[in-house]
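Heads up, the thing below is written out as structure tokens.
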Protein chains: 2
Amino acid sequence: MADPGSDKREAILNTALNLFVERGFYGTPTSLISKEAGVATGTLFFYFRTKEELIDTLYLRTKAGAAAAMRRGLEEEETTQGRLRLIWHNAVEWGVQNREKMQFMEQFAHSPFISKTARDEGLSRFSFLHEYVLQGIGEGVIRDYDPPLLLGVLASSLSSVIARVAEVNDPGLRDVIIEQGMDFVWNGIRLEGDPKDTKIRRSKEKR
Amino acid sequence: MADPGSDKREAILNTALNLFVERGFYGTPTSLISKEAGVATGTLFFYFRTKEELIDTLYLRTKAGAAAAMRRGLEEEETTQGRLRLIWHNAVEWGVQNREKMQFMEQFAHSPFISKTARDEGLSRFSFLHEYVLQGIGEGVIRDYDPPLLLGVLASSLSSVIARVAEVNDPGLRDVIIEQGMDFVWNGIRLEGDPKDTKIRRSKEKR
DNA sequence: TCGTAAATTGACTAGTCAGTCAATTGTTGC
DNA sequence: GCAACAATTGACTGACTAGTCAATTTACGA
């Protein structure tokens with residue numbers, strides 16, 4: 001049984017991630033993946049029946065990793081508001097730390113004719129977010145917008161913020177941008193309360 | 001001289017747009033494009049030296065069209081705020097009406113190894129937006145965020161809103177979602193003023 | 001130490017695709 | 001009605017690629 005084990009399988013997945021981000025799915029021949037991973041062509045097809053299965057596997061594990069990262073420390077938060085803010089914070093952190101994986105997911109999400117099954121399964125990992133958004137609406141913490149719209153703008157703002165952060169070198173400016181991104185979405189979705197609310201809460205956050 | 005003229009050239013571009021959105025750049029062979037467009041293989045390469053040149057051309061003209069649509073009626077708006085709101089409104093309208101072109105641009109933007117030149121030239125069409133954002137910040141109408149961040153979240157929110165609108169059939173709900181999208185970004189970027197500001201202004205808009 | 005099965009190899013195949021080019025047709029000015 | 005050039009055709013090629021498979025190596029339990 002060598003599903004999770006095997007150095008070679010791991011090497012193939014990691015190499016594939018790098019190459020896909022650099023050159024795209026179609027610009028990356030399986031021969032190149034195996035070569036760079038230091039294995040023979042046949043080995044790749046021993047672990048993954050097709051190239052598509054390799055891509056899907058990579059997508060699913062990456063999404064799962066991202067979802068797990070977003071939930072970090074969630075139990076400790078008491079309020080819905082606190083949880084939403086923590087999720088956002090975790091997401092930005094993860095995205096900044098895993099730029100490649102982020103790019104890969106984006107590329108995948110915007111490619112037509114890439115396994116709808118994998119797409120759906122990947123999305124399902126984020127259903128917990130859906131719950132919190134509904135809860136937030138129910139509690140009157142965030143505006144009563146169409147929930148899929150809310151989830152969509154949150155996700156797209158996230159990747160936008162991460163992309164901008166990646167362009168910036170100065171670490172101080174990076175932090176500023178992360179703050180501004182949080183501000184933007186929070187002001188965009190929160191129902192009311194005085195405008196300073198954001199700033200006060202933020203400075204109380206640990207880390 | 002057949003640069004803008006020629007039915008065949010036009011047919012190739014239109015067919016290519018459809019096929020690219022349906023099947024992706026690499027999933028669409030030039031042979032299929034010419035076949036569907038009702039021309040011979042050679043004709044495609046008579047008008048476009050390479051497949052990449054075809055893609056770039058399509059991208060540039062699509063971006064140009066989008067930019068033009070966003071500027072519609074801009075001269076008539078007096079205030080920066082009014083202009084920003086009109087641009088957003090135009091953008092949503094165009095995106096909803098041109099879902100395919102929207103998808104195409106998105107696909108293009110997220111593909112690696114697609115001509116950086118075209119990408120940059122496409123972006124330059126939207127420099128006017130940059131101006132208005134700077135002006136808005138200068139006038140204290142919108143928050144003093146990092147301008148590239150602002151442009152990024154605006155663009156990504158836009159495509160998010162349009163994607164969601166496209167999923168919805170009920171025209172009433174569509175309008176609601178468009179309103180909510182506008183609300184979201186406006187609350188996200190506007191500096192202050194009472195929260196009702198948005199609603200009041202919106203109902204005064206014509207159309 | 002041996003036998004069996006899993007893991008690994010890489011030369012090979014069958015198919016695909018971007019781009020070519022010599023030949024044909026259409027167009028325009030004279 | 002013809003010369004010159006532009007537009008159009010489609011069979012063809014050279015390069016490349018996903019996936020195969022028979023042969024070889026490795027791992028390991030008895």
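Note: hydrogens, waters and symmetry copies are ignored here, and every other heavy atom, side chains too, is used.
Residue pairs meeting the salt bridge (Lys or Arg N to Asp or Glu O under 4.0 Å) criterion with at least one member in residues 58-76 of chain B, sequence neighbours excluded, are B:Glu10-B:Arg61. Among pairs with a residue in residues 102-125 of chain B, those fulfilling salt bridge (Lys or Arg N to Asp or Glu O under 4.0 Å) read B:Lys116-B:Asp120, at least two apart in sequence or across chains. Sequence neighbours left out, the pairs with a member in residues 44-60 of chain A that pass salt bridge (Lys or Arg N to Asp or Glu O under 4.0 Å) are A:Arg49-A:Glu53.
To the nearest angstrom, C1' of C:dG10 lies 16 Å from CG of A:Leu32. The nearest whole Å value for the distance from the CZ atom in A:Arg9 to the C1' atom in C:dT8 is 16 Å. The distance between atom CD1 of B:Ile12 and atom C1' of C:dG19, rounded to the nearest whole Å, is 14 Å. One interatomic measurement links the two molecules: CD of B:Glu10 to P of D:dA7, which rounds to 15 Å at whole-angstrom precision. Across the protein-nucleic acid pair, B:Ile33 atom CD1 and D:dT8 atom P stand 17 Å apart, rounded to whole Å.
In this structure, the side chains of A:Leu13 and A:Tyr47 stay at 4.5 Å or more apart for every pair of heavy atoms.
In this structure, the ring-ring contact (aromatic ring centres under 6.0 Å, His included) partners of B:Phe108, at least two apart in sequence or on a different chain, are B:Tyr59. With sequence neighbours left out, the side chain to side chain donor-acceptor pair (under 3.5 Å) criterion links A:Glu36 to no other residue.
Regarding contacts with the backbone of C:dT8, a side-chain N or O of A:Tyr47 is found under 4.0 angstrom from either OP1 or OP2. Contact annotation: A:Lys35 does not reach the phosphate of C:dG10 (side-chain N/O to OP1 or OP2, under 4.0 Å).
Where A:Gly27 and B:Leu44 meet DNA chain D, the nucleotide closest to each residue was compared, and B:Leu44 sits on the side nearer the 5' end.
Distances from the side chain of B:Phe46 to the nucleotides D:dT8, C:dT9, C:dA7 place D:dT8 closest.
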Original post:
Tell me, for nucleotides 18-28 of chain D in 5' to 3' order, what letter each nucleotide earns: B for a base near a protein heavy atom under 4.0 Å, S for only sugar-phosphate near one, - for neither?
Top reply: BBB--------

